[in-house]
Amino acid sequence: MPLSEVVREVWRTWSGKFSIILLIIMGIGAIAVVLGTPYTKLSREYLLEPTAWATYPKAVPPCWAVSKKAQVINIGFNTSHLKPEVKTKAYGPYTMYNVTWVYSFKYEGQAPPSDTLMKLIVHKSKNLLAYRLYVYMVRPDGSVIHFAKELPVVKEETVILGLPSAQGVTWVSLSNLPLNSAVYQTLVESLSKYMKKDVLAQLGLGTAIWCGKGGRVLRGTYRVVVDAVFYVQGKLKSLSGKTSIYFAARTLPNCYGLMGTDSVGRPVELGIMLGLPWSFVISFYVTFLSAIIGGIYGVLAGYVSGWKSEVLMRIVDVVNSLPFLPILIVAIMALKSYSIWLIMSIMVALLWAPPVIVIRSMALQIKEQPYVEAARALGASTPRILLRYIMPQVFPYLVAIMVLSIPDAIIAEAALAFLGLSDPTVPTWGKMLEFAWNEHAVINGWWWSFLFPGLALTVYCAAFLMLGRALEPIVSPRIRGR
Amino acid sequence: MPEKILSVRGLKVWFPVKRATLSLRPKKLFVRAVDGVYFDVYAGEVFCLAGESGCGKTTTGKAVIRLIDEEFVRGGKVWFKPSPEVYKIIASRAPRAVRGEEGFVSIYDVPGRQFKPLRREMQIVFQDPFSSLNPRYRVRQILEEPLIIHRIGDKEERLEKVRKALMAVKLTPPEEFMERFPHQLSGGQRQRVAIARALILNPRFIVADEIVSMLDVSIRAEILELLLDLRDRYGIAFIFITHDLALAKHVCDRIAIMYLGKIVEIGPADRVIDNPLHPYTRALVAAIPEPDPRNRAKIREVPIKGEVPSPINIPKGCRFRPRCVVYDSLPEEEKSSCEREEPQLVEVERDHYVACWLYGRR
Amino acid sequence: MRWLLAKAINIPIVLILVLFILVSLTGGILDQIMMKTIQVQVRREILANPKYAYLPQEKKLEIAKKLEEELIKAWGLDKPWYIKAFMYMYMLFTFKPIYARVLTTRIINPGSPNAYLIVLERIPFTVVLFTTASIFTLAIAIPLALLAARKPGGIVDKIVSAWSVFSVSMPWWWFAMVMIWLLCYKFPIFAGPEYQTNWTNPLDVAYRAALPVLTVTILSVGVTAYRIRGILLDVMREDFVTTARAKGLPEKIVLLRYVIRVAAPPIITIVLLSIVMSVVTGAILTEAVFNWYGMGLLYWEAVMANDIPVILVLTYISTLLYLVTRFVLDILYTYLDPRIRRA
Ligand SMILES: Nc1ncnc2c1ncn2[C@@H]1O[C@H](COP(=O)(O)OP(=O)(O)OP(=O)(O)O)[C@@H](O)[C@H]1O
Ligand SMILES: [Mg+2]
């Protein structure tokens, strides 16, 4: 049957229609992802560079699932541009300075942000002595949250919040402050006046600073107050150039995109997108090779007779008796290599056998057909008969088998990934599930981080399965034309 | 006397009975489909093989053109006289196969790899026109296939040959049929294509295995006409396999009656059918439906009893004995030879041989 | 009887070949396992024997070393690999104890590192879980399949077909995750994987088993019903069914009396085989996700702990189980299906 006719027949059933449309969409999607994005760079970042996701909200749900949204604010100021309020007091030869800067902004979000990123850097010249820093935030309800309280600044440049790196100082997430840092302790101390410890732990510091009692968001005007106290010998002519404090804060949204983010901030939709091309590669590589090997093997086993056929079928028997997933696990663990190509090849080594039995019986049937005998009578060689008479008959069925076994291949890969036996350089949906499970997404209720990868797998497999089921009756092994 | 082209001597084809892989009793059983067959075929004649279903006609037909695996051929020889060119090729490549009568090749002694040139000289047409053509090939491809296999001519020449072959089987104009698939043809047309495929290599003889039995009665006559016409025009010999004796009388020059893998009677068709000598032939002839409708009502006595025994357990002595009504009426002392020994073919009349103890006491 | 024997002979042949594959895959690791086993034995010997109790430490070490070397010789670990391969096969074939690297037993003889015991104590849990689920599955799937087969293309048929597509396309452990999230955390109805189960108390185990059984049942009903429907439809195409219909028997009677009787053997085979398959492989991750104390969880634990001896023994035992079941099913099938018995 010509291909166009097959497609038309498949199109006639509703599931066939559905699967063809889905496959076209996914196929175009996969091509678009590979050609339209810096795919290798994105995959590398996604899998191996957690720093790339520092400015993404962690473990937030998709935006359509969130009714009250947080406001994303991005503030930053350098005290040299603000007008200070200076108080002085003389102590013998020394003068004590108390300099205060105030910066105010508004937070209007309906929900607190998922986290707050901050930077706080202090510069001072050498002759400012016993420099102490106070940084606090006065919230709309008048409560005060301290970031720094009597914090001594010794060096000329001190990074109080922020991670020095090659690109300058990067953000620090308040929710992930080291427990022994001064800022963490100060923050916890001042916050625990307003909320219970367990609420605080649940919200995280980056969220809690925007919340009042009971974890409700506080909306309105916030004032950041920076206060420096130091001594100088004699008096300063002017403050300019002597000290500057850089403060920046950035709130992270409480939702992200269509599918949310996982616990390190990677967008789930990015993972789904990056996994799509690999799903095609894995399933096609495995099923195509095993169908071809199984097909050729089955046709050969059908064509030869006597003990040769017996031996060939006994080998198939053995391979079919191997439990698929356990052997896969043993093989990968024993070979100590997680290369995706190796994993796929082992799958091929196990999956070529199941179709052999059907293909062989088909070949046996076709071999007895008078037109094959006629070809032998004409002097056609065995390879010619196999290639031109038996193979073309078997081929459509082989395609159906291949399509039907795509779920096996891709789910097996996902299962291996779930056991941690997957190529670290290949982004797959199975790996996303593994990550979600290991980060306790189920217990934490981060449903988006496991729901979508699983759905992607299901939809992908279902499309092929439905296509295969629509194909099967059309190309079934009954010899057509009778 | 025309030239002899095929000589079958004691051919035996036994199929092992399929049993469990690891059977405990190693004794092998066989379906003795063909069990010691002798006959000759002459150039340009229509030679009939007739007999009940399952008596081994098809197996014989296939065996004489080596469509049966060597492993099943348990004895005997098939001598074939190819054209001088092919003979030369075979003689040089497989000298072991030409140690018989001058010009003859023992086809099962030619190594498989050297056999291809002989395929051009012997062809077969099958019973079922629906399954004997590759459903995926167009008529042109089906007819080109033998030419490609034997590397005959270039594209142009091949097309020309295909056209000629189609015309020879009266599928005209050829252009109209060349691009069709088998399923776009009627049964009769398909059978013509199958004949054309057999013809296209100019064989010396063609095995025609019940080629009309699956066709409508109206088409049968045309196909048979075509066959006789081809025989007259190209001098091709036919081994015409049938179980229809009336038909056989109409088309055949000589006829061989088979029973349970053996030929029991052989001779000129009209003489065998008008004057059957073997009890089995008599039964077959008596069973021919009466063409005259007025006589049909009369129920005729068919002189045979029982069922065909299985070809696995062939009776000792004369294999027809258990069904033979003549045997039953024989006096006890004459029965013994029927029970003890297989009768051989003996010439009862000129060119008319019978294998029955009634005729041959030797 | 002869074919039975032929099939029975088939098992060890296949098993030997499977063993060969296993051993050749894990050859190097097996050497390490054996060394480890020897060390364990030597340590035991020295600890247990009062003769050595008062010897100084160096002396003990020396004796240990000598014992170790003797054992290596005695076990043939100094032989070339091809001899060792057969040795290992023999070892597995005769169930010689193999010691786990990390895992230990918890119920039978708690604390024992014998890999066979570790596997053995898990088997009942897996079997119980999947057998219960299969009983529920059958109870739902058979009526569903009958309804679907009665009207191919009807609404029930469509539901069965869609259900089976989704249960085959889904990673089962993922569905289990969703179920846990929904029914243990979002709406806390069932015991979650965290639940501290007393594995020796049947009631506690039953409470714990409810969600896994529910999940596995939901998933397998689709596939099972679809397959049964396929078998039923195949049987319904046969001549005797047409004859029965031609006799004017109502469709219901035809289905229940004629079709079911012929379709029963393949249905039973398929169902039993699929139970065994899930016991042997399909359930690895589902059990792991439910933290259900069966073979699947053991696979997970062994992979996480990189405990290859346990994985090896697990795979070996599963293959054995699978082969034996297939053999038993073959016999059962022949016994049930008169058409085959005659042939
Ligand atoms: N490949 C085979 N393997 C086993 N037995 C065979 C094989 N081919 C034929 N036979 C057996 O050999 C016997 C003769 O078969 P054959 O086809 O030659 O009969 P026939 O005379 O052509 O019958 P019909 O008139 O029905 O075509 C039959 O009993 C058949 O079952
Ligand atoms: Mg025949």
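In what follows, chains are A, B, ... by sequence order, proteins preceding strands, each numbered from 1.
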Looking only at heavy atoms and a cut-off of under 4.5 Å, which of B:Leu67, B:Leu201, B:Val125, B:Ile65 has the most pairs with chain A?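 Top count of heavy-atom pairs under 4.5 Å with chain A: B:Leu67.
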
Which of the residues B:Arg66, B:Met122, B:Lys116, B:Lys62 is involved in the greatest number of heavy-atom pairs with chain A at under 4.5 angstrom?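 Winner by heavy-atom pair count: B:Lys62.
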
Using non-hydrogen atoms and a 4.5 Å limit, figure out which bit of [X] sits close to chain A: side chain, backbone, both or neither.
X: B:Ile142; result: neither
X: B:Tyr137; result: side chain
X: B:Leu133; result: backbone
X: B:Arg197; result: both
X: B:Glu71; result: side chain

Compute the centroid of each ring, for A:Tyr460 and then for A:Phe280, and state whether the two points are separated by less than 6.0 Å.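 They qualify: ring centres under 6.0 Å apart.
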
So, A:Tyr389 versus A:Tyr303, ring centres under 6.0 angstrom or not?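 No - the distance between ring centres of A:Tyr389 and A:Tyr303 does not fall below the 6.0 Å cut-off.
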
Has [X] got more than 12 heavy atoms of other residues, nucleotides or ligands less than 6.0 Å from its [atom1]?
X: A:Phe288; atom1: CZ; answer: no
X: B:Lys164; atom1: NZ; answer: no
X: B:Lys161; atom1: NZ; answer: no
X: A:Phe18; atom1: CZ; answer: no

Does any backbone or side-chain atom of A:Arg384 lie under 4.5 Å from a heavy atom of chain B? Answer side chain, backbone, both or neither.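 Interface part for A:Arg384: side chain.
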
